[in-house]
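Written out below as structure tokens is the structure these notes cover.
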Amino acid sequence: MTGGSSHQPESFYLDLGEGRFESTRSTAGPWSPKAQHAGPPSALLGRALERHQAREGFRIARVTLEIPRPVPVGELTVAVRTVRSGARTELLEGEITADGQVVMLARAWRLAASPSDTPELRPEPTPPPLPGPQPPHGLRGANLDGYVSAMEWRFPPGTGFDRPGPGAAWARQRIPLVAGSADTPLTRALTLADSNWAVAFELDHVRQMVINTDVTLALHRDPVGEWLCLSAATTASPLGSGLALGRLDDASGACGQVLQTLFVAER
């Protein structure tokens with residue numbers, strides 16, 4: 001399989017009002033058309049966190065998302081609250097529920113932006129250059145008629161989802177997160193972040209069950225532009241678990257890090 005349906009929905013979600021959202025089939029993940037890829041609901045929570053009692057001069061610096069159960073493709077309800085609010089830092093908390101069950105949790109730090117004379121410290125190497133247009137990329141054993149097709153992927157020559165990592169990929173959304181609403185740097189980053197370990201498959205996700213239980217995105221600056229690059233590698237141990245660590249870049253260089261815990265089991 002090398003692509004999804006040509007009739008792509010116009011957004012990942014439709015806003016139903018009062019914190020309720022209808023999921024389109026573009027949210028469907030690679031393992032089931034009935035369960036969402038964690039990227040879109042992560043971004044939906046990020047959107048709510050940003051909008052919750054927004055403060056001038058503050059930004060979301062870190063979001064950790066827990067995924068206690070699969071997020072179904074259907075109606076979702078999003079709620080956010082303030083855990084602690086100070087003069088310069090805030091701790092926020094949010095959740096997504098579906099059919100009365102919590103399917104995703106988030107905690108985020110919203111911080112006052114650093115002073116303009118803060119030194120720019122960026123020891124990371126530059127990301128691979130953005131390749132030119134490419135045909136749709138396949139993914140072994142995957143449902144492609146959803147999130148995979150709703151994103152445009154560009155890999156360095158000779159690489160792709162099915163080449164064992166470490167790896168890197170540039171990506172951008174083909175559609176907005178919520179119909180009629182502008183995406184933000186945070187929501188674009190969160191839409192992509194859960195794909196971190198997928199751009200660098202090093203565990204055999206067909207022979208074994210490999211799923212991430214969480215996603216942490218830490219941004220030392222807000223990413224710029226629609227194209228973002230993930231460079232990722234996975235570590236794993238017998239009688240342990242997996243760990244996927246990635247770097248997020250935009251055209252100017254590094255802007256954050258992604259961390260995922262991987263559950264590994266026999267099928």
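Residues: numbered from 1 along the sequence shown. Predicted model only: the values in this text are computed from it and were never measured.
Heavy atoms of other residues, nucleotides or ligands lying less than 6.0 angstrom from CZ of Arg88 number 12 at most. A 6.0 Å sphere centred on CD of Gln134 holds more than 12 heavy atoms belonging to other residues, nucleotides or ligands.
With Ser42 contributing its side chain and Ala38 its backbone, the two residues share a donor-acceptor pair below 3.5 Å. Proximity of a side-chain donor or acceptor of Tyr147 to a complementary backbone N or O of Phe12 within less than 3.5 Å is not detected. Remark: the backbone N or O of Ser26 is not paired with any side-chain donor or acceptor of Gln8 at under 3.5 angstrom. Thr89 places no side-chain N or O within donor-acceptor distance of the main-chain N or O of Gly86, the cut-off being under 3.5 Å. With Asp249 contributing its side chain and Thr126 its backbone, the two residues share no donor-acceptor pair below 3.5 Å. Side chain of His220 to backbone of Leu121: no donor-acceptor contact under 3.5 angstrom is found. Judged purely by atom type and a 3.5 angstrom limit, Glu75 has no side-chain atom pairing as donor or acceptor with the backbone of Glu22. Distance alone, capped at 3.5 Å, is enough to place a donor-acceptor pair between the Glu202 side chain and the Thr234 backbone. Checking side-chain atoms of Arg163 against main-chain N and O of Gly158 turns up a donor-acceptor pair under 3.5 Å.
Proximity of Glu152 to Gln173: side-chain heavy atoms (C-beta onward) are nowhere separated by under 4.5 Å. Between Arg59 and Leu186 the shortest side-chain heavy-atom distance does not fall below 4.5 Å. Taking 4.5 Å as the limit, every side-chain heavy atom of Val148 sits out of range of all side-chain heavy atoms of His137. Considering only heavy atoms from C-beta on, Asp145 comes within 4.5 Å of Asn143 through its side chain. Using a 4.5 Å heavy-atom threshold, the side chains of Pro223 and Arg188 count as separate. Residues Arg247 and Cys229 fail the side-chain proximity criterion, which asks for heavy atoms closer than 4.5 Å. Using a 4.5 Å heavy-atom cutoff, the side chains of Asp162 and Leu139 are in contact. By the 4.5 Å heavy-atom criterion applied to side chains, Leu49 and Arg110 are not counted as neighbours.
How far NE2 of His37 is from CG of Leu192: 8.5 Å, rounded to the nearest 0.5 Å. Residue Leu203 holds its CG atom at 9.0 Å from OG1 of Thr235, rounded to the nearest 0.5 Å. Gln208 CD to Phe263 CZ: the interatomic distance, rounded to the nearest 0.5 Å, is 10.5 Å. Atom CG of Leu92 is separated from atom NE2 of His52 by 6.0 Å, given to the nearest 0.5 angstrom. In this structure, OG1 in Thr191 is found 6.5 Å from CE in Met151, a value given to the nearest 0.5 Å. Atoms OG1 and CG, on Thr64 and Asp214 in that order, are 7.5 Å from each other to the nearest 0.5 Å.
Here the shortest heavy-atom pairing between Ser195 and Leu230 reads C-CD1, 4.0 Å. Taking each heavy atom of Ala218 and Arg62 in turn, the nearest pair found is CB-CG, 4.1 Å. Here the closest non-hydrogen pair linking Gly242 and Val264 is N-CG2, 4.2 Å. The nearest pair of heavy atoms linking Arg207 to Arg267 is O-CG, 3.7 Å. For Pro40 against Thr27, the heavy-atom pair with the smallest separation is CB-CG2, 4.1 Å. Annotation for Pro156 and Pro131: closest pair N-CG, 4.2 Å, computed over non-hydrogen atoms.
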Task: Residue pair Arg47, Ser181: steps toward the side chain to side chain donor-acceptor pair (under 3.5 Å) verdict - done: CA-CA 10 Å; Arg47 177 180 183 269; Ser181 179; 3.3 Å; yes
- [ ] Test side-chain contact (heavy atoms from CB on, under 4.5 Å) on Glu66 and Arg107 and set out the steps.
- [x] CA-CA 9 Å; Glu66 314 288 354; Arg107 277 205 163 195; over 6 Å; no
Task: side-chain contact (heavy atoms from CB on, under 4.5 Å) between Leu76 and Met104, intermediate numbers included - done: CA-CA 10 Å; Leu76 306 178; Met104 184 172 280; over 6 Å; no
TODO: Please report the C-alpha distance between Glu266 and Met209 in whole Å, then the side-chain angles of each, then the deciding distance to 0.1 Å, and finally whether the side-chain contact (heavy atoms from CB on, under 4.5 Å) criterion is met.
DONE: CA-CA 6 Å; Glu266 298 297 333; Met209 178 184 292; over 6 Å; no
- [ ] Would you check, one step at a time, whether the test side-chain contact (heavy atoms from CB on, under 4.5 Å) holds for Thr77 with Glu18?
- [x] CA-CA 8 Å; Thr77 300; Glu18 299 182 342; over 6 Å; no
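A chain of hydrophobic side-chain contacts below 4.5 Å, direct or via other Ile, Leu, Val, Met, Phe, Trp or Tyr residues, connects Phe161 to Leu144. Val63 and Val178 fall within a single hydrophobic cluster, where Ile, Leu, Val, Met, Phe, Trp and Tyr are joined by side-chain heavy atoms under 4.5 Å apart, directly or via other members. Ile67 and Val73 fall into different hydrophobic clusters, defined by Ile, Leu, Val, Met, Phe, Trp and Tyr side-chain heavy atoms under 4.5 Å apart, directly or through other members. At a threshold of 4.5 Å between side-chain heavy atoms, the hydrophobic network of Ile, Leu, Val, Met, Phe, Trp and Tyr places Val199 and Leu228 in one connected group. The hydrophobic clustering, which links ILVMFWY residues whose side-chain heavy atoms are closer than 4.5 Å, places Val83 and Ile60 apart.
Salt bridge present: Arg221 and Asp250 bring a charged side-chain N and a carboxylate O closer than 4.0 Å.
Applying the ring-ring contact (aromatic ring centres under 6.0 Å, His included) criterion to Phe201, with sequence neighbours excluded, gives Trp197, His205.
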